[in-house]
Structure formats: structure tokens, C-alpha cells
Trainee: 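Take a look at this one; I'll ask things after.
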Amino acid sequence: MTVGRFDYLDRNGKGGKKGKARKSAPAPDESRVGGTERLEAVYLRKETVRAVWRQVRDDGGESVSELVEDLLLAWLRERQRP
């Protein structure tokens, strides 16, 4: 049995919802810039973010942003190993 790339998004296994694609990118939210580091927009499927948030919440976690940063840093460290 093969697992599709986005199978985890649907709880019933019947596929995810399909919606209209956004025609233009949203304007950056300058109010969210904190400290000296600027934020950068990263585009992800809404269904993916919601599925991750549900799992983080169910596991007692609080921040999807911290999880994403931890995963990206771990990926970078792995790539830098000889």
C-alpha cells in the first residue's frame, strides 16, 4: 500500500478539499516584525498547517512556528555533516 503525499490531511482517507488558488500574494505584515530580524513569508497549504497544528495541540505543544524552525535547523545541520 502506498501513501500519497497529502494523505495525512484527510481524516477519512477520501482526499482533501480543493479550492481556488489565490491570484496574488498577500502584503507582508510589517507589524509582525520583531527585534532586528525581518520575517519572511513562507507559503504552505492551509490544510497542512491545520493538520500540523492539530497534532501539536494534541501533543500538548504550543507553537507550530517553533516546530518549523526546529525542523529546518535540524535539516540544515544534517546537510552540513561530512
Side-chain angles (χ1 to χ4, degrees):
M1 179 175 152
T2 60
V3 178
R5 181 174 177 193
F6 298 109
D7 285 352
Y8 65 93
L9 294 175
D10 186 28
R11 295 179 185 182
N12 317 5
K14 294 181 182 176
K17 295 180 184 177
K18 293 187 179 186
K20 278 187 162 182
R22 176 175 257 165
K23 291 185 180 180
S24 64
D29 185 354
E30 297 296 329
S31 66
R32 294 185 183 202
V33 177
T36 59
E37 238 181 311
R38 288 193 45 88
L39 297 179
E40 184 172 335
V42 176
Y43 299 96
L44 301 168
R45 291 172 54 107
K46 186 185 302 185
E47 295 87 359
T48 303
V49 174
R50 288 181 177 167
V52 169
W53 172 241
R54 280 192 303 271
Q55 190 64 50
V56 168
R57 184 191 62 214
D58 292 347
D59 291 346
E62 294 183 19
S63 174
V64 173
S65 296
E66 288 178 11
L67 171 63
V68 170
E69 187 167 0
D70 290 346
L71 291 170
L72 291 173
L73 289 171
W75 182 82
L76 283 172
R77 286 187 202 108
E78 182 67 29
R79 304 263 312 162
Q80 292 174 352
R81 288 185 186 164

Trainee: Are L76 and L71 connected into the same hydrophobic cluster when the rule is that any two of I, L, V, M, F, W, Y join if their side-chain heavy atoms are below 4.5 Å apart?
Mentor: no
Trainee: State yes or no: do V68 and L73 share one hydrophobic cluster built from I, L, V, M, F, W and Y residues joined by side-chain heavy-atom distances below 4.5 Å, directly or via other members?
Mentor: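 No: no chain of side-chain contacts under 4.5 Å links V68 to L73.
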Trainee: Please identify each residue that fulfils salt bridge (Lys or Arg N to Asp or Glu O under 4.0 Å) with R81, with sequence neighbours left out.
Mentor: E78
Trainee: Checking D59 now: which residues fulfil side chain to side chain donor-acceptor pair (under 3.5 Å) with it, not counting sequence neighbours?
Mentor: Q55
Trainee: If you look only at pairs with a residue in residues 66-77, which of them pass as a side chain to side chain donor-acceptor pair (under 3.5 Å), with sequence neighbours excluded?
Mentor: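 Sorted pair list comes back empty.
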